[in-house]
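Quick note: residue numbers are just sequence positions, from 1. Nothing here was measured: the structure is a model prediction, and the numbers come from that model.
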Amino acid sequence: MVEVKNLTKFYGSIKAVDDISFTVETGEVLGFLGPNGAGKSTTMNMITGYLSSTSGTVTIDGCEILDDPIHAKSKIGYLPEIPPLYIDMTVKKYLEFMFDLKKVKLPKKEHIDEVMRLTKITEQADRIIKHLSKGYRQRVGLAQALLGNPPVIILDEPTAGLDPKGRDDILDQIAYLHKQSDMTVILVSHSMEDIARYADRIIVMNKGSVMYNGAPKEVFAHYQELEKIGLAAPQVTYIMHDLKEKGLPVKVNVTTVEEAADEIMQALEKKI
């Protein structure tokens with residue numbers, strides 16, 4: 001569980017994050033959205049302990065991050081948009097290095113073998129990282145985040161720059177890992193389709209504050225308000241509204257392609 005209470009951050013006289021509070025329950029997948037400058041990255045950096053807050057608290061799995069930062073950080077796996085990889089190392093050597101750096105208290109060989117298996121990079125173990133595709137580099141970054149079996153995983157734009165297949169591969173892998181371990185996941189992404197497909201709940205930030213906090217269907221129902229701050233709902237939201245306006249009796253609060261297809265088929269059957 002992640003608990004954020006009255007979190008505030010000033011940069012000089014500029015308030016980047018304005019007294020926000022929210023909880024991410026154990027096993028939940030939280031989508032974290034917002035336009036550029038909304039305070040997303042600042043919030044994530046405070047949650048991970050890379051940045052201190054001006055006021056407020058962050059508690060990770062019962063551990064307050066400023067009271068015991070080393071212990072709290074051990075409970076978080078973090079995959080930034082550009083993983084901090086040592087590209088001249090082989091995959092296995094890099095994971096061994098990160099294992100030692102994180103002071104993981106698990107059998108080294110067995111644990112590294114396991115995270116490589118989980119992220120499907122075992123066959124890349126002896127390859128030098130700089131020779132890997134971007135998709136495989138992201139998998140190595142994910143393997144690094146899983147070292148130590150942290151109960152909370154934070155993924156900051158994990159699919160940025162990937163083609164559709166690479167994006168689906170990474171997110172399907174994360175969904176599989178989440179199902180296997182019931183870990184808590186915070187997914188920061190600009191892709192509404194990704195968020196709609198994988199998140200249980202969505203928080204939208206704007207100008208340092210929480211604008212919306214609810215289930216995907218609830219949040220994307222405000223698609224016109226989201227557009228005003230530079231965000232867009234999933235494409236299926238617009239398609240369903242267009243079909244409704246053209247007379248097809250469909251529900252407009254669907255958020256995924258699969259839901260849209262089912263809803264359209266049911267509406268067509270009613271018309272026949």
Side-chain angles (χ1 to χ4, degrees), residues 27 29 31-32 41 44-45 47-50 60-61 69-191 194-195 197-198:
V29 179
F32 208 76
S41 295
M44 290 302 109
N45 283 329
I47 290 175
T48 56
Y50 290 103
I60 308 293
D61 210 32
I70 294 175
H71 184 53
K73 285 181 181 180
S74 73
K75 295 177 176 291
I76 302 172
Y78 181 45
L79 175 61
E81 179 177 346
I82 302 175
L85 305 175
Y86 293 93
I87 62 173
D88 290 319
M89 287 184 172
T90 66
V91 170
K92 191 171 185 179
K93 288 293 183 184
Y94 168 72
L95 292 175
E96 289 172 346
F97 172 75
M98 294 303 297
F99 180 99
D100 294 337
L101 191 65
K102 290 184 173 186
K103 297 181 172 60
V104 177
K105 295 182 173 66
L106 291 168
K108 188 173 184 177
K109 182 182 183 306
E110 290 83 353
H111 186 51
I112 289 174
D113 286 347
E114 176 66 4
V115 298
M116 286 196 297
R117 183 189 68 79
L118 288 171
T119 53
K120 299 182 180 179
I121 56 172
T122 301
E123 294 182 359
Q124 315 301 321
D126 296 321
R127 291 192 65 189
I128 296 174
I129 292 173
K130 67 182 177 184
H131 295 151
L132 297 177
S133 67
K134 181 171 176 59
Y136 271 115
R137 290 191 191 194
Q138 290 298 92
R139 286 176 181 268
V140 175
L142 180 58
Q144 170 273 136
L146 294 173
L147 288 172
N149 297 328
V152 178
I153 297 288
I154 297 177
L155 308 164
D156 192 351
E157 298 289 353
T159 63
L162 296 179
D163 60 28
K165 183 181 184 306
R167 186 181 72 225
D168 288 346
D169 285 347
I170 286 290
L171 290 173
D172 287 345
Q173 191 63 39
I174 292 165
Y176 169 78
L177 293 170
H178 170 257
K179 189 175 293 186
Q180 293 296 306
S181 64
D182 201 33
M183 62 188 178
T184 303
V185 178
I186 299 177
L187 174 61
V188 183
S189 178
H190 280 95
S191 171
D194 291 349
I195 292 291
R197 183 176 174 186
Y198 293 97

Would you tabulate the side-chain donor-acceptor contacts of residues 136-145 under 3.5 Å, counting partners in other chains and residues two or more places apart, or write 'none'?
from   : atom 1 : to     : atom 2 : distance (Å)
Arg137 : NE     : Ile129 : O      : 3.4
Arg137 : NE     : Leu132 : O      : 3.4
Arg137 : NH2    : Lys130 : O      : 2.8
Gln138 : NE2    : Pro158 : O      : 2.5
Arg139 : NH1    : Thr119 : O      : 2.9
Gln144 : OE1    : Lys102 : NZ     : 3.0
Gln144 : NE2    : Gly141 : O      : 3.2

Worksheet entry | Separation of Leu118 CG from Leu177 CG (nearest 0.5 Å) | 5.5 Å
Fill in: Taking every non-hydrogen atom, the tightest pair across Arg127 and His131
NH2-O, 2.9 Å
Discussion item. Applying side chain to side chain contact (heavy atoms under 4.5 Å, CB included), can you list everything that pairs with Ile82, at least two apart in sequence or on another chain?
Written reply: none
Fill in: Minimum side-chain heavy-atom gap Tyr78-Asp156 below 4.5 Å
yes
Show me the side-chain donor-acceptor pairs of residues 103-114 shorter than 3.5 Å, one per line, residues at least two apart or across chains.
from   : atom 1 : to     : atom 2 : distance (Å)
Lys108 : NZ     : Asp100 : OD1    : 3.0
Lys108 : NZ     : Asp100 : OD2    : 3.0
Lys109 : NZ     : Asp113 : OD2    : 2.8
His111 : NE2    : Gly148 : N      : 2.8
Glu114 : OE1    : Arg117 : NE     : 3.2
Glu114 : OE1    : Arg117 : NH2    : 3.4
Glu114 : OE2    : Arg117 : NH2    : 2.8

Worksheet item: For the residue pair Ile174 and Met183, what are the closest heavy atoms and their distance?
Response: O-CE, 4.3 Å
Item to complete: Go through the structure and list residues passing salt bridge (Lys or Arg N to Asp or Glu O under 4.0 Å) with Lys165, not counting sequence neighbours.
Response: Asp169
Practice prompt. Answer whether the closest heavy-atom distance between the side chains of Ser74 and His71 falls below 4.5 Å.
Written response: yes
Response to the item:
By ring-ring contact (aromatic ring centres under 6.0 Å, His included), Tyr176 pairs with (sequence neighbours left out) none
Discussion item. Just checking Lys75: does its NZ atom have more than 12 heavy atoms from other residues, nucleotides or ligands closer to it than 6.0 angstrom?
Written reply: yes
Practice prompt. Evaluate whether atom CD of Gln180 has more than 12 neighbouring non-hydrogen atoms of other residues, nucleotides or ligands under 6.0 angstrom away.
Written response: yes
Item to complete: Write down the atom of Ile195, the atom of Gly31, and the distance for their closest heavy-atom approach.
Response: CD1-CA, 3.6 Å
Discussion item. For Ile70, I'd like to know if atom CD1 has over 12 heavy atoms of other residues, nucleotides or ligands within 6.0 Å.
Written reply: no
Item to complete: With sequence neighbours excluded, give me every ring pair (Phe, Tyr, Trp, His ring centres under 6.0 Å) pair touching residues 79-98.
Response: Tyr86-Phe97
Discussion item. Quick check for you: to the nearest 0.5 Å, what is the distance between Leu85 atom CG and Met98 atom CE?
Written reply: 9.0 Å
Discussion item. Rounded at 0.5 Å granularity, tell me how far OG in Ser189 sits from CG in Leu171.
Written reply: 7.5 Å
Response to the item:
dist Thr159:OG1 -> Ile170:CD1 (nearest 0.5 Å) comes out at 8.5 Å
Item to complete: Indicate yes or no: at least one non-hydrogen side-chain atom of Met116 is less than 4.5 angstrom from one of Leu95.
Response: yes
Fill in: Whether Thr184 side chain and Gly27 backbone form a donor-acceptor pair below 3.5 Å
yes
Response to the item:
In this structure, CD1 of Ile128 is separated from CD1 of Ile87 (nearest 0.5 Å) by 10.0 Å
Item to complete: First locate atom CZ of Arg167, then atom CG of Asp172, and finally report the distance between them rounded to the nearest 0.5 Å.
Response: 10.5 Å
Item to complete: State, with a plain yes or no, whether a side-chain heavy atom of Leu79 is found less than 4.5 Å away from one of Ile153.
Response: no
